[in-house]
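Working notes, structure below.
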Amino acid sequence: MSQWKNFSKGFFKENAVFVLFLGLCPTLGVTTSAMNGLGMGLATTFVLVMSNLVVSIVKSQIPDKVRIPSFIVIIASFVTMVELVMQAYVPALFDQLGLFIPLIVVNCIVLGRAEAFASKNTVFSSIIDGLGMGLGFAMALTILGGVREILGSGSIFGFKFIQGDGMLVFVLAPGAFIVLGYLIVLINKINKKTA
Amino acid sequence: MASKKESTFLSMVLTLFMVTFIASAALGYLYEVTKGPIAESKLAKQNNAIMQVVPEFDNEPGKEVYSMDVDGGTLEFFPAKKNGELVGTAVSTFTNNGFSGNFEIMVGFLSDGTIHNISVLEHKETPGLGDKMQKSKSNWSVQFNGENPADFKLKVTKDGGDVDAITASTISSRAFCDAVDRAYKAYMEGGKK
Amino acid sequence: MEYIIIIISAIFVNNILLAQFLGVCPFIGVSSKVETSIGMAGAVTFVMVIATIVTYLLQKYVLDAFGIAFMQTITFILVIASLVQLVEIILKKVSPALYQALGIFLPLITTNCAVLGVAILAVQKDYNLLGSVVFAISNAIGFGLALVIFAGLREHLDMVNIPKGMKGVPIAFIVAGLLALAFMGFAGIV
Amino acid sequence: MSKITISPSPHVYEDTTVKRLMFDVVIAMLPVLAISIYFFGMGAIIVTLTAVVSCLAFEWLIQKYMLKQEPSITDGSALVTGILLAFNVPTNLPIWIIIVGSLVAIGVGKMSFGGLGNNPFNPALVGRVFLLISFPVQMTSWPVPTGFSNSYTDAVTGATPLGVMKEGIGAGESVSAIMDKIPSHMEMFYGHMGGSMGEIAAVALLLGFVYLLIRKVITWHIPISIIATITIFTGILWMINPESNADPLFHLLTGGVLLGAIFMATDYVTSPMSVKGIWIYGVGIGLITVLIRVFGAYPEGVSFAILIMNAFVPLINMYIKPKRFGEVRND
Amino acid sequence: MLKTFPKGGVHPAEGKYSANNAIETLPLPKTVSIPIAQHIGAPSKPVVDKGDKVKVGDKIAESAGFVSANIHSSVSGTVVKIDNVMDSTGYKRPCVIIDVEGDEWNESIDRSTDLKKEISLTDKEIINKINESGIVGLGGATFPSHVKLSVPDGKKIDVLIINGVECEPYLTSDHRLMLEKAEEMLIGIQILMKALNVNVALIGVENNKPDAISNLQNIVKDYPGIEVHALKVQYPQGGEKQLIKALINREVPSGGLPLDVGAVVHNVGTALAVYEAVQKNKPLFERVVTLTGKSVKKPSNFMVRIGTPVSNLVEAAGGLPEDTGKIINGGPMMGKAVNSLEIPVVKGTSGILIMPAELSKRKKESNCIRCAKCVSVCPQGLEPYLLNKLALLEKNDKLEAGGVMDCIECGSCSYTCPAGLPLLDYIRLGKSRVSQIIRSRKQ
Amino acid sequence: MSTIILFTIISLSAIGAIAAIILYFAAQKFKVFEDPRIDQVEENLPAANCGGCGYPGCRGFAEALVKSDDISDLYCPVGGNDTMSKVAEILGKAVEAKDPLVAVIRCSGSPEHRKKVNSYDGASTCVIVSGLYSGETACQYGCHGLGDCVEVCDFEAIYMDKETELPVVIDDACTACGACVKACPNDIIELRKKNKKDRKIFVSCVNMDKGGIAKKACDVACIGCKACVKVCAYDAIVVENFLAYIDPVKCKLCRKCVEVCPTNSILEINFPPRKVKPAQPVGEAEAKETPARSTGEKENDNNIINQEG
């Protein structure tokens, strides 16, 4: 597989959110606005890339039985780093994302990629894979956040374009589920057409 | 591909130990590095909130904070001083009657009890409804500014008070009044130092 | 009374799945049959309660005691992962019947953010040990309730002709959305 | 001789069709519509027409262009959804909001599941609750029933008796004091009060109920179980403390209890199949309604209660079965 | 209050056009094709060969087991061949084809019309006689009657139930029998009572046949132990289990037989056949068949020899109407639509219904709206909408758990479904799949 | 080094070490043996979970493969010989190579050839019609045309031809899983050996009526005349119950039988066009024209589909 393909598959063909249905908790939880989605997506991307990198480096040194705990510790370390750094330098975003930052650790994508890809591939392709999957995830979150923001608040990236409120349901829990449901249908359609 | 290590007892424990060792060392170091900025940003946030609700000051209210237990919770008082003179007190107060549970606001009182300004610290109220109490969402809370609860009834008009409720969010408005009222009473009953 | 509020809040008002989006992956994954969803709910309850107790003690006697609260995430997840694996290993040997019923869901639970989420939330909310346990149980019940209702709905959907593009996960999300919409009615009960 | 038809038995059929059932429901709703028009004037007409036309249009468009099916809007189900949606909103709701509601009701609530018979939730209620949460301000300012001359665009608005009651009790007033501020029970009975257009006139709703019973479109079980539960539950609360809890009759006459019990909870598609199941369903709706009304933030809970119990229906159907003939009991 | 079964049921339009037309004897056909399998159970073995001469009442095929029945010639003449001919099931089955020559009866048959009241045979002899005469249930199920009368050890029968309900719309053959042959029928019932050693026999008649009820009630006074009960007009009142429930309030357990609740059910036609066999030594070779339909010129009840082509009946009733759309062997609820008039009348043929084209198309199908009407009309307490879906999705284990084997195929669910769904079609399919599974499990 | 870092390292490492020790001993103490080969085998199966092997899903099949000593009876029709040889390699068991198969439809009774005499008005599935007399035509053996086989095909390898009202198999998509064979109530569909270039010769009829009756019901029915038997040089054709059957193994695709069949019920598919025989009587040529064209069309259809697929 060429590295380009390796990178780009995370956007459509194997998009974590729309196609593989992974990492749904933050996907639904933080996407009340496009900005939040983007922030969460980038945080996850960082963790993904770094954990993929480390896992692919140390893979041969780790016995099978403690593979999963070791991976989890590696991932959790990076998550904690993100946590600390965000708390220090972007406290506002950190407050917005709240609980979901520590929960990156249990995001199935991160562990999934470490398990399925990084533990079997070279360092370079692992980074590319992590970057692709992560940015694909960020893209999905931004789209979802964007749609919810447009419909729910009448703004995009905080820029208000209608007077008053939008349809509030979309910034609340039910809207998250419904928008994601229809987005999946849409992405499937697009994927099928390009296939 | 390099051959995998075998899962012996020693290798398992050793590996896990190594991983946790490195991880914790790295984290510990990072914590040391970020400790300062985190504390700073927290302080900045607090100061920011205080700054919004009281007139200009030059002391560090966060350092002179004192507190008082009221209604099963704790109110914190941040005295703001300019040139050693008390210009106002920021009171962080709470209510449990919010639409979605409790929320916290910061009320700034001038020394006579007049409300200088109010900001919302933390809330879970419904977006588009209760969250209009935030300044960023609407000007609703401005109506409190400059009013002294001594002659400004901290109740929504429906309940016979002087506060115009947020449209369709009487509960949030009522809870908001409750929080302000709690701060006012505490402030007047000995919160004033 | 305090505990009743915790219970009602966790089950109905702030349902962990429908309002807080924790544990959505297994929610979508394991909810196609009522029977399996009951098994999953049982397994989650079990793990959630044990994990909350262990992490509570850990937080109180290790993290807080040493002033290293920032290590919360990493220690919690490590403990939960080991715990789940331990439970799985023991269950497989001790009670194969229970393993058949619950055990197959255990690996899924490691990555169920509901467990970690509840453990962290219980610490954040400053509950005491009993409060934490009540919180964990009621969240688990809330999770189970949503899961079982949802599984019932999905079994119903299996029997009707869903449009082709909507089949499977998309329609599940729409149903989840409508369920969350219905649950909004409980707002303000506590 | 032309070709002989062959088919498995039976060879005769009852003349009831889906269409007939749906149009019977429409007929049963006419008195309610009439009273609404009498009290709210043009607003009632505009809202109903908008809802009906947009529901029909969305159903047709979605079937034709998205699902690529033979459009079946003539079966009357979209018409019923449209009227019910209109019944559940204030008569001064802006047209575009009604259209959004219709789109959600038909598009999300019904067609996403494949159309009539497949949807687990009542489409009209999905539309209404969606609107209620999305546009809380517009959905909770009801025009005062001044009569046919009532203006659509700038009617005087007020709260429903339920809203007034909730506000009052919340503010610590006594029930008897609040009662003085709202219409009498008799006025409520014939519909002289603020509220969504379909829920005000108990007398017209009961008329529709009788018609549906006579035409055997519905059985009495669902409405009666809901009404009985609400009566008993609120009755107990009332007897405990009549000054902080309204009387049962007040609860029955206000809000959407009758509309919900007669026209929406009885929706075939989203109600249980067995009589035992129907009792559980009805009692559940009643309990949740009172729970929300008395303890919750919303003054009215019928819509939510029905939607929540809709969600339980598959489970009820799965575990509550009719007693089989000759069933060997193990107990 | 009239007695009835407690749960479900429908009331289709009755359409009993031929109720007032007395039974006519149909002229002999030119040839008859007598299938060797006219009953439930093993097909009989032919005992005649091509070229043999037979008389009316001669045995032409022999019972091939306990659950099987003898077949007798219904005409006199020459056996032309034994060949596969399509019967009412649509499959080609072996038939004995006889060219009719005159009408010469077997000498042993008592052709007099005198009533013979006293019963001289013992219970065992009666059962043997019934077996010998090839009597099967004439209500349509065609279960060999002697099997029903041979009560297994350990079972106690205390009541005989006679099914005169005729709940199928249009059909009137039992109705006419109860009017015209009541006396013979009652003696037949006494014979059955003797064979079963019971003292009570209850005749259930649907209340839409008041003349038959009053006629029977008049005569029954002379027959101790026999009672006549009018029943509510409600389909499927004539279902064995429903009839037992309505008359003696006992519920046949799921998967069980009437025997399990101490009852045996026989049709009125069977009772008459028993009388003729036991008292007149006349085997079962003719029966009453209703030929009716909305457009039929002369809706009639005919006494027909077994093996007569259906076309002969149609002819005698004024020919096939122009607008014929469907020809049904049996009643409209449970009968089979056939595609040819050349099929022979068999022991189980109670009527031929000719439906005009306008009535023979089904309702247009639409989505199930889950109105639960099917659940409320199911006399067996099943959930047809669910069984239908499960059968469609081939979920056989769930079908079995859902009680598909309890379905009596009465058709009430399909009849009532406002969406016009072919519920029973699929349930029947699911039932056959499940019964196959059950059978293979037993092996 | 600050104390915080020290505490951090000590506590986390301790937790990690303790967890590892506990897990290690638990794993030792509560060991349950599970054959690791099951996973290996499963990885090599196509994961279509179609049930074509007769087991519930690929995992079930994998377990069966590992457990049984002789796996020659077990066969994954979807994965074919490649998969089976891989599996055999893993398990160290021998596997016989099987001829690839493809489903063929043994009925040519389009409305053109087989007149409809009744109209069916019931649930739209072949199983139910098959319980009702002969269905819409006088041939009770032939295709009912309601597409039960299309319904069950997981690979979209069958579709209903609207004109002929008969199902058509897309050879390239067919995996010979046998689902359609099971679904057809009239046993019309047969899995036959796949020949070079998808060539096929088979009797496209299952009518077991006597010649006259069969012919009356359908123009292209096999009447059991045995003309094909006489002309076959390889003993590949047998006639039983008035119906011919060509043994796919013995058949050498010589096409002689196709020519002699008086009702054109033997089909040849995907063959190059025949050389035109010069000395053919005019009448016979005319009689043959219709069916010959119809098979030609079939061939074309197939080609088009192959290109698409």
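Letters A, B, ... mirror the listed sequences (proteins, then strands); counts begin at 1. No experiment lies behind these values; they were computed from the predicted model shown.
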Structural part of [X] lying under 4.5 Å from a heavy atom of chain C:
X: Phe121(D); answer: side chain
X: Met66(D); answer: neither
X: Leu132(D); answer: neither

Who among Gly114(D), Ala311(D), Ser303(D) has the most heavy-atom pairs with chain C under 4.5 Å?
-> Ala311(D)
Looking at Val108(D), Leu307(D), Ile308(D), Ile316(D), which has the largest count of heavy-atom pairs under 4.5 Å with chain C?
-> Ile308(D)
May I ask you to test the Met184(C)-Val129(D) pair for a side-chain heavy-atom distance under 4.5 Å?
-> no
Separation of Ile292(D) CD1 from Phe12(C) CZ (nearest 0.5 Å) | 10.5 Å
dist Phe304(D):CZ -> Phe186(C):CZ (nearest 0.5 Å) comes out at 10.0 Å
Heavy atoms under 4.5 Å from chain D: which residues of [range] carry them?
range: residues 122-142 of chain C; answer: none
range: residues 148-167 of chain C; answer: Val148(C), Ile149(C), Gly152(C), Leu153(C), Glu155(C), His156(C), Leu157(C), Val160(C), Asn161(C), Ile162(C), Pro163(C), Met166(C)
range: residues 170-181 of chain C; answer: Ile171(C), Ile174(C), Val175(C), Leu178(C), Leu179(C), Leu181(C)

Scan the side chains in residues 61-74 of chain C for donor-acceptor partners under 3.5 Å anywhere in the protein, sequence neighbours excluded, and list what turns up.
{"from": "Asp64(C)", "atom 1": "OD1", "to": "Gln59(C)", "atom 2": "NE2", "distance (Å)": "3.1"}
{"from": "Gln72(C)", "atom 1": "NE2", "to": "Gln59(C)", "atom 2": "OE1", "distance (Å)": "3.4"}
{"from": "Thr73(C)", "atom 1": "OG1", "to": "Glu83(A)", "atom 2": "OE1", "distance (Å)": "3.0"}

Inspect the surroundings of CH2 in Trp279(D) and state if more than 12 heavy atoms from other residues, nucleotides or ligands are less than 6.0 Å away.
-> yes
